[in-house]
Protein chains: 2
Amino acid sequence: MPPGTRARARAETSRAILDEARRQLAEHGAAALSLRSVAREVGMVSSAVYRYVASRDELLTRLIVEAYDAVGERAEAARDPEAPAREQWRAVWRAVRAWAHEHPAEYALIYGSPVPGYAAPVETIPAAGRVGVVLAAIVVEHGDPSGVAPWPEVLRADVLPGLPPALSVPAVVAWTQLYGTVGFELFGQYENVVVDRDAYFDAVAAAAATSVGLPEKI
Amino acid sequence: MPPGTRARARAETSRAILDEARRQLAEHGAAALSLRSVAREVGMVSSAVYRYVASRDELLTRLIVEAYDAVGERAEAARDPEAPAREQWRAVWRAVRAWAHEHPAEYALIYGSPVPGYAAPVETIPAAGRVGVVLAAIVVEHGDPSGVAPWPEVLRADVLPGLPPALSVPAVVAWTQLYGTVGFELFGQYENVVVDRDAYFDAVAAAAATSVGLPEKI
DNA sequence: GGCCTGTCAAGAGCACTGCTCTCGCTTTGT
DNA sequence: ACAAAGCGAGAGCAGTGCTCTTGACAGGCC
């Protein structure tokens, strides 16, 4: 038996657990995620799962990190640096919205209310900012501070490096607007209010683009 | 024994259950809310609680309605119709934020991700719109459509009666921004990003006021 | 080769949950 | 006064997270 057998088997089991957990998360939501049922589906007994995952909270944490990475990757992939600024902006917004519609439970997990008695651990912090970074990159390259209204300086200076100070606050505001719009749509607050969700979303995206000084396409 | 004893006792028990449930919600979060532990604290056995509440989900639904009403009431109380438009606007925004800080679990319950396998029932819909109605009322009275950029018409016509069509979409956008800003702050996304949260929030509120055509105070 | 140590899956078990059903007791309406 | 309805208590079922112990297997060392 070649050495490394054990390590490979462990890695495979680990992946199987994570995959099944994400499947159950998508199907029944975060609170219904059960370690025992994951174990059943993977084909082992619940206590064995604890060899791979310290607790249910740790399993959730791993899913959170994976979800942040997935939506961040999607946002990065949607951005074509050669395209006009507003097209880039709209593509990233749409990508985040599309990802949220495809993975509502995961979106809720990362951007919704934190699960019960669960404090987001440190390891989620780096992954959390990826969407914001993509948006900021577009603003860094194409944002024109001259047209935008002044904002107070209320941010940490080092958080969005390269961003003109006049645009850093509107960038955070725009990021918030993206989150809020997708969240409201996903969690049902636009029910019976907004009828043409696609058009509404694009309009909000366009307004946000203006607010961060992206040039109008003429 | 005077008649009505039973009805009064029932009302009192009902209140006690709701109060204890809200207490536990505030302390441990929605997912940790347990009917059995509510029963223990109220001083009865768990099966007896089912005489008052059909299920755990129904208990959550009642808490949701109460929370919507509470934040709505707070928003209504914060609005002084005699004050200048932008002051009214800011007061309502601040009231919602303050309520959210005082009742984070309840805010998460109503505006955060829906709890596991739980579909918001019909009875929550009327209560849900109260904050939006207060904001809309300010815009109806003081909003000036002339200065605001045009938006596509994507809303249900009857949802915000009295609102100039040109201002209805920005009003929904502003409402979304309020929700997103409070949510991001509450759920930790502004950690290490926004340092002066008060100033940031007021700035966002002011920008939103402009977007719905409230007159600048000169 | 043989052994020994560390890893693994499995099972039993504890304390907890939501929910149902049955049992008596008390209050209510007739 | 009597039947009907409402009520609290208890037992019980199926499920959960998590711990501990047991026995089997693979890895590296001699």
Side-chain angles (χ1 to χ4, degrees), chain A residues 1-18 20-21 23-25 27-64 105 109 114-119 121, chain B residues 1-18 20-21 23-25 27-64 105 109 114-119 121:
Chain A
M1 205 116 303
T5 302
R6 207 174 188 120
R8 187 159 42 250
R10 180 169 184 86
E12 280 171 20
T13 309
S14 212
R15 262 262 63 83
I17 291 173
L18 262 292
E20 175 61 24
R23 214 189 54 73
Q24 292 199 12
L25 169 68
E27 193 159 357
H28 303 105
L33 180 85
S34 145
L35 245 159
R36 283 178 117 111
S37 121
V38 168
R40 261 196 307 274
E41 222 62 30
V42 171
M44 39 189 199
V45 88
S46 74
S47 57
V49 176
Y50 283 87
R51 299 256 173 210
Y52 296 86
V53 149
S55 68
R56 203 192 93 113
D57 273 7
E58 199 210 277
L59 182 58
L60 272 177
T61 302
R62 294 205 194 169
L63 291 176
I64 288 177
L109 185 62
V115 288
Y118 171 84
Chain B
M1 207 115 304
T5 302
R6 206 175 191 120
R8 185 160 42 253
R10 179 169 183 87
E12 279 170 20
T13 309
S14 213
R15 263 263 60 85
I17 290 174
L18 262 292
E20 174 60 25
R23 215 190 53 74
Q24 293 199 11
L25 170 67
E27 191 160 358
H28 302 106
L33 182 92
S34 145
L35 244 159
R36 282 179 117 110
S37 121
V38 168
R40 263 195 305 274
E41 223 61 30
V42 171
M44 41 189 197
V45 88
S46 74
S47 58
V49 176
Y50 283 87
R51 300 262 178 209
Y52 297 86
V53 150
S55 69
R56 204 192 93 113
D57 273 7
E58 200 210 276
L59 181 59
L60 273 177
T61 301
R62 293 206 194 169
L63 291 176
I64 289 178
L109 185 63
V115 288
Y118 171 85

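Chain letters run A, B, ... following the sequence lines, proteins first and then strands; every chain starts at 1.
- Within 4.0 Å of S46(A), counting heavy atoms only, lies at least one base atom of the nucleic acid.
- Contact annotation: Y52(B) does not reach the phosphate of dG6(D) (side-chain N/O to OP1 or OP2, under 4.0 Å).
- Between R40(B) atom CZ and dG18(C) atom C1' there is a gap of 13 Å when expressed in whole angstrom units.
- Inter-residue side-chain proximity for T13(A) and R51(A) is flagged as unmet; no heavy-atom pair is nearer than 4.5 Å.
- Listed nucleotides: dT16(D), dT20(C), dG11(C). Nearest to the side chain of S47(A): dG11(C).
- Atom pair M44(B):CE and dG8(D):P shows a separation of 6 Å (rounding to whole Å applied).
- Closest to the side chain of S34(A), from the set dG8(D), dC19(C), dG17(D), is dG17(D).
- Rounded to a whole Å, the CG atom of L60(B) is 10 Å from the P atom of dC19(C).
- Checking dG8(D), dG17(D), dA9(C) against every side-chain atom of Y50(A), the shortest atom distance belongs to dG17(D).
- With DNA chain C read from its 5' end, the first of the two nearest nucleotides for R10(A) and A54(B) is the one closest to R10(A).
- For T13(B), whose side chain is taken as the heavy atoms from C-beta onward, the closest listed nucleotide among dG8(D), dT16(D), dC19(C) is dG8(D).
- Under 3.5 Å, the side chain of R36(A) and the base of dG15(D) form no donor-acceptor pair of N or O atoms.
- Set against dT16(D), dA9(C), dA9(D), the side chain of V45(B) has dA9(D) as its closest nucleotide.
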side-chain contact (heavy atoms from CB on, under 4.5 Å) between V42(A) and V49(A), worked out: CA-CA 9 Å; V42(A) 171; V49(A) 176; over 6 Å; no

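- Per the geometry, CD belonging to E12(A) stands 20 Å off P belonging to dT7(C), to the nearest Å.
- Distance, R51(B) CZ to dC25(C) P: 16 Å, rounded to whole Å.
- Note: CZ (R56(B)) to P (dG15(D)) measures 18 Å, nearest angstrom.
- At a threshold of 4.0 angstrom between heavy atoms, the contacts of L59(A) with the nucleic acid are absent.
- Taking atom CD of residue Q24(A) and atom P of nucleotide dG15(D), one finds them 14 Å apart after rounding to whole Å.
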Intermediate values then yes/no, side-chain contact (heavy atoms from CB on, under 4.5 Å), S37(B) and H28(B): CA-CA 12 Å; S37(B) 121; H28(B) 302 106; over 6 Å; no

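- E58(A) has its CD atom 14 Å from the C1' atom of dG17(D), to the nearest Å.
- Using a 4.0 Å cut-off between charged nitrogen and carboxylate oxygen, R23(B) and E20(B) count as a salt-bridge pair.
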Derivation and outcome, side-chain contact (heavy atoms from CB on, under 4.5 Å), residues Y52(B) and L18(B): CA-CA 10 Å; Y52(B) 297 86; L18(B) 262 292; over 6 Å; no

